[in-house]
Every structure is written in structure tokens, then in C-alpha cells.
Amino acid sequence: MASATHLLTDELDIVIPTIRNLDFLEMWRPFLQPYHLIIVQDGDPSKTIKVPDGFDYELYNRNDINRILGPRSSCISFKDSACRCFGYMVSKKKYIFTIDDDCFVAQDPAGKPVNALEQHIKNLLSPSTPFFFNTLYDPYRDGADFVRGYPFSLREGVPTAVSHGLWLNIPDYDAPTQLVKPLERNTRFVDAVLTIPKGTLFPMCGMNLGFDRDLIGPAMYFGLMGDGQPIGRYDDMWAGWCIKVICDHLGLGVKTGLPYIYHSKASNPFVNLRKEYKGIFWQEEIIPFFQAAVLPKDCTTVQACYVELSKQVKEKLGKVDPYFDKLAEAMVTWIEAWDELNPTGPGAKLANGKAK
């Protein structure tokens, strides 16, 4: 039975990319068991992934992705956590929470377990304030409000499309920072949520993320990464840059801060450096591109915005490397696959990849 800590049980899917048994779910059982899980198995599809008893889930491996999407399956990355976005595409729910399998339940400063999903839901169900910064951070939290000088005309806020959570213990660092700070751990629990202002980009981390699939789902594409690609570990950041440009254009909000999860396992910085190497150079071109990106007024849907953005990627970033031509084409393929599985638009009810 749903309780105060089990909100939206019929309206939210939990998407987990994995290559291993999901024993980590035992720690999350009190918070996640009432929800439906979509597990996207990466790597060898013949390997059996074990899920703890009592969880309601569906599991997709590479063979399933190829079967459901056919030729369009080329847009889903392989041997990379970017495969998770397939789960977003086949979901039947309004909201998505995605988490990595090395993320455990954090404790707040009082030692109380943090229900990350509940906080994401609170973030998504309250408005955002991207057009004017409130110095008390989120004015909709209990005990906070709009400060003196905040325009009354902006106090209703705008719908929140994305809730970006943070991590204790292992920070989400790039390989060079990992190498120079191998022992650094994040122990700071900052009790704050804020709206990222309009016109400001951010590095989105996909390991602790909630979003409104109806509002921004078609733009939550984690790109072409991993096997056969010249870059990895930029999947969630690519999606974050795209969604922020589109949210700014459509008047939607992105929140960051609470909730925290406990990130348990540091990945190998030397392996990460090989994956990130080109991205470290490319991001110096990518970020100015997104900072300057302007979408036409007639782009009034997420799909239209995303296809337009793909054209600009091809035109502007294609000069940086041919990879971006390939990525731009994959962005269009992703939208085509999304619309095929969601024929009446985002949020359509699906069954086995077909409209009911």
C-alpha cells in the first residue's frame, strides 16, 4: 500500500542500467520496492542478471533492444551506461528515476537514511524559478519563501522537468581530477535545492536523476558512447546540455541539490582517461556551442527542438570531428524511435513496444 514515503507508485518507473546482479536493491527495498523497475542489461545478453525477490520489473538486453527498435537500435549505446535511455523510451509512466547499481542509501547529518526517490518527487512536483534567482534557494520548501525584491509576477514559477541529485563519498570527477585527488571523498551534505538559472549550463550526472518524462523525455538521449565510439563518460553530460537548452527555450525548470545518494565505487581513472580523452578537448568547443544555441520560436515541442538541435550539431560541431555528424544522425534516429514507440506523444501507454 502506498504511504507518505511511497508517492506516485503508479506514475513512476525506476530505470537501472547494469552488467551485474542487482544485490544493491536490498538496501533500497524500503524505498523502491513499491515501484516498477526497468532494467537495461548492458554487455553479454546471454548472461543472467539476478534481481532480488519481491521487486516488480522488466528486463531488456541487447537482443530485446534490437528486436524492438530494429534498424533504429543503432542509436542505443552498447557497453556503456548510456544504454539506460532505452528504458526511458519504453517506459509507460509520467516520471522516471534513474540510478546506478553502485549507488547506496545515503545518511543525512543526523544519521537518518535518505529516501532519494521521495526527494526527487518533491522536487519535480514543485515549481522552478529559472528566470530570477532566489537567494534562499528553493522558495517552495518548508521554512523558505521568496526574499524581498523578488518580482511577484515570477513567484508562480514554471514546471520542473528535471531533478538532479548529488552524491556522498566518491565524487563525480573526470579522470584528470581523479588522478590528482585519488583519496578525496565528498562528506559535505548541503541541505539545499536550487533552480539552475536560465542560460546556465551544468554537468548532469545520470547516476541519481529524476525527470518528468512527459515534459522532457524525448530530449533525454544519452548519445552514442561506449563500444565502437571514440568517446565515453560524456553520455549524461551530453543529455544535460541538450535538455538545458530545450528547457530554457520551452520555459521549463531544472533543479539540483538534494537528494544525496552514497556512491560506493570509484571507477579506474586510467580507464576513464581513455574514454574521456577526446571529450576533454571537444568540450571546449561543445560548451560554447550550447551556450550560443538558439532555437526558433516555431519549435514548440521537445521533439521539434531536439531535431533542430541535431541540425545545429551537424552544422557547427561536425567541423570539430566527423563523430558529431554521426551523433547528429543518431539524435534524429532516437526521435524517430521515440515517436514510433510513443505514437500519441510522450507519456503514451505502451505494451511490448506497441500502442495499446
Side-chain angles (χ1 to χ4, degrees), residues 7-8 11-12 94-97 116-166 188-205 208-220 236-237 239-260 287-306 308-309 312 345-347:
L7 306 169
L8 304 179
E11 298 179 67
L12 184 144
K94 176 174 172 57
Y95 299 101
I96 297 287
F97 170 51
L117 178 54
E118 181 182 31
Q119 181 64 49
H120 277 299
I121 291 171
K122 287 180 178 178
N123 291 348
L124 291 168
L125 293 182
S126 66
S128 291
T129 54
F131 305 124
F132 202 90
F133 190 81
N134 191 56
T135 51
L136 273 181
Y137 303 115
D138 192 336
Y140 305 104
R141 286 187 67 183
D142 291 341
D145 210 326
F146 293 95
V147 297
R148 180 171 55 89
Y150 201 101
F152 285 90
S153 60
L154 296 177
R155 293 190 181 192
E156 286 188 8
V158 301
T160 301
V162 179
S163 170
H164 179 256
L166 301 174
R188 297 181 67 239
F189 188 105
V190 180
D191 184 15
V193 177
L194 63 152
T195 297
I196 301 173
K198 182 179 181 180
T200 301
L201 298 173
F202 74 112
M204 189 172 82
C205 174
N208 174 23
L209 184 71
F211 63 92
D212 186 322
R213 184 175 174 274
D214 285 359
L215 288 180
I216 200 63
M220 272 290 178
D236 41 9
M237 285 182 280
W241 296 326
C242 291
I243 64 100
K244 189 58 168 62
V245 168
I246 293 173
C247 283
D248 286 352
H249 175 73
L250 295 178
L252 301 172
V254 178
K255 292 187 176 185
T256 188
L258 300 179
Y260 283 89
I287 292 172
F289 161 76
F290 280 109
Q291 287 174 326
V294 176
L295 300 174
K297 289 184 178 179
D298 60 358
C299 288
T300 56
T301 67
V302 176
Q303 284 95 326
C305 289
Y306 202 70
E308 170 61 29
L309 202 52
Q312 296 184 23

If you measure from [atom1] on [X] to [atom2] on [Y], what distance do you get to the nearest 0.5 Å?
X: Lys244; Y: Thr200; atom1: NZ; atom2: OG1; answer: 5.5 Å
X: Ile246; Y: Met220; atom1: CD1; atom2: CE; answer: 10.0 Å
X: Gln291; Y: Trp241; atom1: CD; atom2: CH2; answer: 10.5 Å
X: Ile243; Y: Asp248; atom1: CD1; atom2: CG; answer: 8.5 Å
X: Thr160; Y: Ile216; atom1: OG1; atom2: CD1; answer: 12.0 Å
X: Ser153; Y: Phe131; atom1: OG; atom2: CZ; answer: 11.0 Å

Answer yes or no: is there a side-chain heavy-atom contact under 4.5 Å between [X] and [Y]?
X: Asp212; Y: Pro159; value: no
X: Tyr306; Y: Cys299; value: no
X: Gln312; Y: Leu295; value: yes
X: Thr256; Y: Leu194; value: yes
X: Pro259; Y: His120; value: yes
X: Val193; Y: Gln119; value: yes

Subject >> Selection residues 141-152 - residue pairs positive for salt bridge (charged side-chain N to carboxylate O under 4.0 Å, His left out), sequence neighbours left out >> reply: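 Non-adjacent pairs meeting salt bridge (charged side-chain N to carboxylate O under 4.0 Å, His left out): Arg141-Asp191.
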Distance-minimising heavy-atom pair for [X] and [Y]:
X: Met204; Y: Ala239; answer: CE-CB, 3.8 Å
X: Thr195; Y: Pro130; answer: CG2-N, 3.5 Å
X: Pro197; Y: Phe133; answer: CG-CD1, 4.2 Å
X: Val254; Y: Ser128; answer: N-OG, 4.0 Å
X: Asp138; Y: Ser126; answer: OD2-OG, 4.2 Å
X: Phe211; Y: Gly217; answer: CE1-CA, 4.1 Å

**OP:** Show your working on side-chain contact (heavy atoms from CB on, under 4.5 Å) between Tyr260 and Val190 and close with a plain yes or no.
**Re:** CA-CA 9 Å; Tyr260 283 89; Val190 180; 3.6 Å; yes
**OP:** Check the pair Asp236 / Leu209 against side-chain contact (heavy atoms from CB on, under 4.5 Å), numbers first and verdict last.
**Re:** CA-CA 10 Å; Asp236 41 9; Leu209 184 71; over 6 Å; no
Original post:
Passes side-chain contact (heavy atoms from CB on, under 4.5 Å), Phe97 versus Ile121? Steps please.
Top reply: CA-CA 9 Å; Phe97 170 51; Ile121 291 171; over 6 Å; no
Do [X] side-chain atoms and [Y] backbone N/O form a donor-acceptor pair below 3.5 Å?
X: Lys255; Y: Pro127; result: yes
X: Tyr150; Y: Asn134; result: no
X: His249; Y: Pro296; result: yes

**OP:** Go through the steps for Tyr95 and Leu125 under the test side-chain contact (heavy atoms from CB on, under 4.5 Å), then give the verdict.
**Re:** CA-CA 10 Å; Tyr95 299 101; Leu125 293 182; 3.3 Å; yes
Subject >> Other residues, nucleotides, ligands: >12 heavy atoms within 6.0 Å of Phe202 CZ >> reply: yes
Subject >> Parallel, tilted or perpendicular: rings of Tyr140 and Phe146 (30°, 60°) >> reply: perpendicular
